[in-house]
Amino acid sequence: MAHFGILTALLTPFAADGSIDGARLAGHAATVVSRGVAGVTLFGTTGEGASISAGEREAGISAVLETGLSPRSVVLGVYGAATADVAAQIDEGLRAGVTRFLVPPPYYFSNAMEDGVFQWFSELLASSDPKAGIILYNIPQVTGVGISSSLTRQLKDVFPERIIAIKDSSGDWPNAVQLMEGKALPVLIGDERLLHKSVPMGCAGSITGVANLYPERLCSIMATSTEDTMLTRTVDRVVALPVIPTLKVLLADALGDPVWENLRAPLTRLTAQQKSDILALEGRGMAA
């Protein structure tokens, strides 16, 4: 099984006018890699990727790669209900040298049957460049469409060279166990609280939003299979609030840079009370 290690699901900084701040994005990517992670994921859920247009994505990818980061260390999140749109995003990444893509199922038709989801991925793979490696993205609490262990195995069996891993962000431990025990393909754990007990079972790594704040600690969990109880409490507090706005508040506080709090609609900032409460518990400059 391929080893991926810890990949930071990068937050995306937005300027006051709503545009992507490429300099901050690139600087943050370079910082987390210098602090030990194996690479970064651009425009995933944590990076508000579904709200970012094609032209902006290209500029963001370029900004990150101009830091000297190898395209082999980048995973690109791609989204859409139309396979042609997702294939176009894949082509955009391939032109920049990126070859690994995080792909959720089509998320508009939330009652899609498993056969339909299999057909959708089949059409995407048929219409996209074979150099693109696909990481299946199971996050049903966001997409409304799950990727079961049986569908995972079916896709891997039919497309063994194209399907390279699955990221399980369901937070469902029995589902994660089933995926890892099935050994159909490498499993990346999305819920940081499950990482310590996933490593001994052979998980390949994690694509993690909390690594925007604590990259070294996530790498330590991966290396030692030991739970970081303080980090577990942090994750509990983050997921009790709107996750992306909360991570942005904490990173802005840690860096002393309020620009990081900016969000793109439809996401909105924490309330004043929510911000005060989380900073009272977690705002200690943890990423400085």
Asker: Is it the case that the side chain of R264 and the backbone of S51 share a donor-acceptor pair, with hydrogens and angles ignored and the cut-off at 3.5 Å?
Answerer: yes
Asker: Measure across S169 and Q141 and return the closest heavy-atom pair with its distance rounded to 0.1 Å.
Answerer: O-NE2, 2.7 Å
Asker: Minimum heavy-atom separation for G205 and L195, please, with both atom names.
Answerer: O-CD1, 4.3 Å
Asker: So, K167 side chain and G190 main chain: donor-acceptor pair closer than 3.5 Å or not?
Answerer: no
Asker: Just verifying a value: how many Å separate L42 CG and L25 CG, rounded to the nearest 0.5 Å?
Answerer: 6.0 Å
Asker: Evaluate the side chain to side chain contact (heavy atoms under 4.5 Å, CB included) criterion for residues I163 and L125: first the C-alpha distance (whole Å), next the side-chain angles of each, then the deciding distance (0.1 Å), finally the verdict.
Answerer: CA-CA 9 Å; I163 305 296; L125 290 164; 4.0 Å; yes
Asker: Could you give the distance from CG (L94) to NZ (K131), rounded to the nearest 0.5 Å?
Answerer: 6.0 Å
Asker: Going from CZ on R269 to OG1 on T271, what distance comes out if it is rounded to the nearest 0.5 angstrom?
Answerer: 12.5 Å
Asker: Do you see a donor-acceptor pair shorter than 3.5 Å between the side chains of Q273 and D277?
Answerer: yes
Asker: Group every Ile, Leu, Val, Met, Phe, Trp and Tyr by side-chain heavy-atom contacts under 4.5 Å, then state whether I139 and F109 land in the same group.
Answerer: no
Asker: When you compare the side chain of L218 with that of L231, does any pair of heavy atoms fall below 4.5 Å?
Answerer: yes
Asker: Looking only at non-hydrogen atoms, find the nearest pair between M180 and C203 and report the distance.
Answerer: SD-CB, 3.7 Å
Asker: Can you tell whether the side chains of D236 and R193 come within less than 4.0 Å, N to carboxylate O?
Answerer: yes
Asker: Provide the closest heavy-atom pair for E92 versus A54 in the form atom of the first, atom of the second, distance.
Answerer: OE2-O, 2.7 Å
Asker: Should L136 and F121 be marked as a side chain to side chain contact (heavy atoms under 4.5 Å, CB included) after you check the CA-CA gap, both sets of side-chain angles, and the distance that decides it?
Answerer: CA-CA 9 Å; L136 303 173; F121 274 104; 3.7 Å; yes
Asker: Starting from the C-alpha separation in whole Å, work towards a yes-or-no answer on side chain to side chain contact (heavy atoms under 4.5 Å, CB included) for F14 and L263.
Answerer: CA-CA 7 Å; F14 297 108; L263 295 147; 5.6 Å; no
Asker: Going by heavy atoms in the side chains, are I134 and I90 under 4.5 Å from each other?
Answerer: yes
Asker: Are any non-hydrogen side-chain atoms of L185 and I166 less than 4.5 angstrom apart?
Answerer: yes
Asker: If you compare all heavy atoms of Y79 against all heavy atoms of P104, which two are closest, and at what distance to 0.1 Å?
Answerer: CD2-CG, 3.7 Å
Asker: Quick check: do I6 and I207 have side-chain heavy atoms less than 4.5 Å from each other?
Answerer: no
Asker: Just by modelled atom types, is the A15 backbone N or O under 3.5 Å from a matching donor or acceptor in the S19 side chain?
Answerer: no
Asker: For the pair C219 and V37, evaluate side chain to side chain contact (heavy atoms under 4.5 Å, CB included) and give the outcome as yes or no after the intermediate values.
Answerer: CA-CA 7 Å; C219 291; V37 300; 4.2 Å; yes
Asker: State, with a plain yes or no, whether a side-chain heavy atom of E114 is found less than 4.5 Å away from one of S150.
Answerer: yes
Asker: May I ask whether I164 and L76 are part of the same hydrophobic cluster, defined by side-chain heavy atoms of I, L, V, M, F, W, Y residues being less than 4.5 angstrom apart, directly or through others?
Answerer: no
Asker: Could you walk me through whether S128 and R162 satisfy the side-chain hydrogen bond (donor to acceptor under 3.5 Å, both in side chains) test, starting with their C-alpha distance in whole Å, then the side-chain angles of each, then the deciding distance to 0.1 Å, before giving a yes or no?
Answerer: CA-CA 10 Å; S128 60; R162 300 293 307 280; 3.0 Å; yes
Asker: So does E216 get a backbone contact from the side chain of S220, meaning a donor-acceptor N/O pair under 3.5 Å?
Answerer: no
Asker: Just by distance, do the side chain of D85 and the backbone of G80 share a donor-acceptor pair under 3.5 Å?
Answerer: no
Asker: Is it the case that the side chains of T12 and E48 hold a donor-acceptor pair, with the cut-off being a distance below 3.5 Å and no angle test?
Answerer: no
Asker: Which atoms form the tightest heavy-atom contact between K275 and V249, and what is the distance?
Answerer: CG-CG1, 4.0 Å
Asker: Between T226 (side chain) and T224 (backbone), is there a donor-acceptor pair under 3.5 Å?
Answerer: yes
Asker: Assess the side chains of T45 and Y137: does a donor N or O sit below 3.5 Å from an acceptor N or O?
Answerer: yes
Asker: Do the non-hydrogen side-chain atoms of L213 and E282 ever get within less than 4.5 Å of each other?
Answerer: no
Asker: Are the side chains of P71 and T99 in contact, using a 4.5 Å heavy-atom criterion?
Answerer: no
Asker: For a 4.5 angstrom cut-off between non-hydrogen side-chain atoms, does V78 reach R57?
Answerer: yes
Asker: Would the distance check show the side chain of E192 and the main-chain N or O of V210 forming a donor-acceptor pair, the cut-off being under 3.5 Å?
Answerer: yes
Asker: State whether the side chain of S276 and the backbone N or O of A272 hold a donor-acceptor pair below 3.5 Å, judged by distance alone.
Answerer: no
Asker: Between atom CG of L7 and atom CD1 of I135, what is the distance when rounded to the nearest 0.5 Å?
Answerer: 7.5 Å
Asker: Could you state the interatomic distance from CD1 (I221) to OG (S198), rounded to the nearest 0.5 Å?
Answerer: 10.5 Å
Asker: Is there a path of hydrophobic side-chain contacts, each under 4.5 Å between heavy atoms of I/L/V/M/F/W/Y residues, joining I147 to V86?
Answerer: yes
Asker: Main chain of A9, side chain of N212: is a donor-acceptor contact present, judged purely on distance under 3.5 Å?
Answerer: yes
Asker: Please determine whether residues V158 and F101 belong to a single hydrophobic cluster, defined as Ile, Leu, Val, Met, Phe, Trp and Tyr linked transitively by side-chain heavy-atom distances below 4.5 Å.
Answerer: yes
Asker: In terms of hydrophobic clusters joined by side-chain contacts under 4.5 Å, are L102 and L151 together?
Answerer: no
Asker: For D17, is the CG atom crowded, meaning more than 12 foreign heavy atoms sit under 6.0 Å from it?
Answerer: yes
Asker: Main chain of D228, side chain of R217: is a donor-acceptor contact present, judged purely on distance under 3.5 Å?
Answerer: no
Asker: What distance separates W260 CH2 from L247 CG, expressed to the nearest 0.5 Å?
Answerer: 11.0 Å
